[in-house]
*Asks:* 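Here it is, the structure, as structure tokens.
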Amino acid sequence: MNLIAYKKKIFRKRVIKIRNKLPLANRRRLSRVIMKKIITSRPFVSASCIAGYISTGSEVDTEILLKYIIESGKILILPRVSAGSRQLLFYRVENLCLDTVEGYRGIIEPVPEKCSLVPLSNARMILVPGVVFSESCDRIGYGGGFYDVNLKKSHPCAHKIGVGFDFQIHPNIPASPQDHSVNAVITERCSYGSVV
């Protein structure tokens with residue numbers, strides 16, 4: 001393990017520990033604040049197709065936002081891990097309850113038989129999970145490289161937005177050349193990068 005990988009591992013461990021201690025009521029309250037900031041952002045308002053993700057564990061709760069996307073008539077696409085690879089396949093989801101099932105590592109994913117496959121390049125806004133973000137919008141994920149690999153397939157005009165709590169932001173974080181940064185990061189207190 002090289003020095004950058006080691007530093008990322010330390011960051012992940014420390015931030016996930018803090019995030020896991022956040023009481024559920026606080027997590028839900030802060031998640032609602034973050035979701036309101038997202039839906040009033042210019043990239044959200046102008047996007048007709050949005051790539052999201054279903055939150056897991058102590059992540060910012062995305063369920064309210066995903067339901068809002070569907071109810072507002074926008075196209076919601078969600079990722080599914082392609083078996084045996086780091087590829088994410090995106091499917092249109094029209095009903096969070098009926099169109100999804102527990103999949104890779106217990107993460108809720110679209111059911112391919114019920115949903116249409118949609119290229120990620122169709123999305124003009126992409127919500128990106130992460131463990132740690134920098135003020136300059138670098139990102140540390142969970143270590144699998146799924147988003148680093150797949151964000152390369154996004155449309156050049158797509159606005160990639162990292163979603164996290166304020167304590168997940170650090171002035172500088174270790175980054176490798178293969179790491180894919182985001183255009184903006186939205187937390188309950190601040191927005192970093194280009195969001196307006």
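Residue numbers start at 1 and run along the sequence shown. Fair warning: this is a prediction, and the values are worked out from it, not measured in the lab.
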*Asks:* Taking salt bridge (Lys or Arg N to Asp or Glu O under 4.0 Å) as the test, write out the residues that go with Lys74, two or more places apart.
*Replies:* none
*Asks:* Should side-chain heavy atoms under 4.5 Å link Ile, Leu, Val, Met, Phe, Trp and Tyr, which residues sit in the same cluster as Leu117?
*Replies:* Leu89, Tyr91
*Asks:* About how many Å separate CD1 of Ile77 and CG of Leu88, when rounded to the nearest 0.5 Å?
*Replies:* 10.5 Å
*Asks:* Nearest 0.5 Å, please: how far is OH in Tyr147 from OH in Tyr53?
*Replies:* 7.5 Å
*Asks:* So which of Ile50, Asp99, Val118, Leu96 actually passes side chain to side chain contact (heavy atoms under 4.5 Å, CB included) with Leu78?
*Replies:* Leu96
*Asks:* Do Lys67 and Glu63 meet the salt-bridge criterion of a basic N to acidic O distance under 4.0 Å?
*Replies:* yes
*Asks:* Mark yes or no: Arg42 above the aromatic ring of Phe44, with NZ or CZ under 6.0 Å from the six-membered ring centre and no more than 45 degrees from the axis.
*Replies:* no
*Asks:* Do other residues, nucleotides or ligands put more than 12 heavy atoms under 6.0 Å from Arg14 CZ?
*Replies:* yes
*Asks:* Quick check: closest heavy atoms across Val60 and Ser55, and the distance to 0.1 Å?
*Replies:* O-CB, 3.1 Å
*Asks:* On a heavy-atom basis, which atom in Cys137 and which in Ala184 lie closest, and how many Å separate them?
*Replies:* SG-CA, 3.7 Å
*Asks:* Test: side chain to side chain donor-acceptor pair (under 3.5 Å). Region: residues 163-174. Which pairs qualify, not counting sequence neighbours?
*Replies:* Asp166-Thr187
*Asks:* By the side chain to side chain donor-acceptor pair (under 3.5 Å) test, which pairs, at least two apart or in different chains, include something from residues 20-29?
*Replies:* Asn20-Ser58
*Asks:* Determine, step by step, whether Val163 and Ile186 satisfy the side-chain contact (heavy atoms from CB on, under 4.5 Å) criterion, reporting the C-alpha distance in whole Å, the side-chain angles of both residues, the deciding distance to 0.1 Å, and the verdict.
*Replies:* CA-CA 5 Å; Val163 181; Ile186 295 180; 5.8 Å; no
*Asks:* Scan residues 142-158 for pairs that pass salt bridge (Lys or Arg N to Asp or Glu O under 4.0 Å), counting only residues two or more places apart or in two chains.
*Replies:* Arg139-Asp148
*Asks:* In Å and rounded to the nearest 0.5 Å, what is the NZ to CD1 distance from Lys13 to Ile18?
*Replies:* 13.5 Å
*Asks:* Can I get a per-line list of side-chain donor-acceptor pairs under 3.5 Å for residues 121-133, giving both atom names and the distance, sequence neighbours left out?
*Replies:*
unit_1, atom_1, unit_2, atom_2, d
Arg124, NH1, Ser121, O, 2.8
Arg124, NH1, Asn122, O, 3.3
Arg124, NH2, His155, NE2, 3.4

*Asks:* Minimum heavy-atom separation for Ala158 and Asn183, please, with both atom names.
*Replies:* O-OD1, 3.4 Å
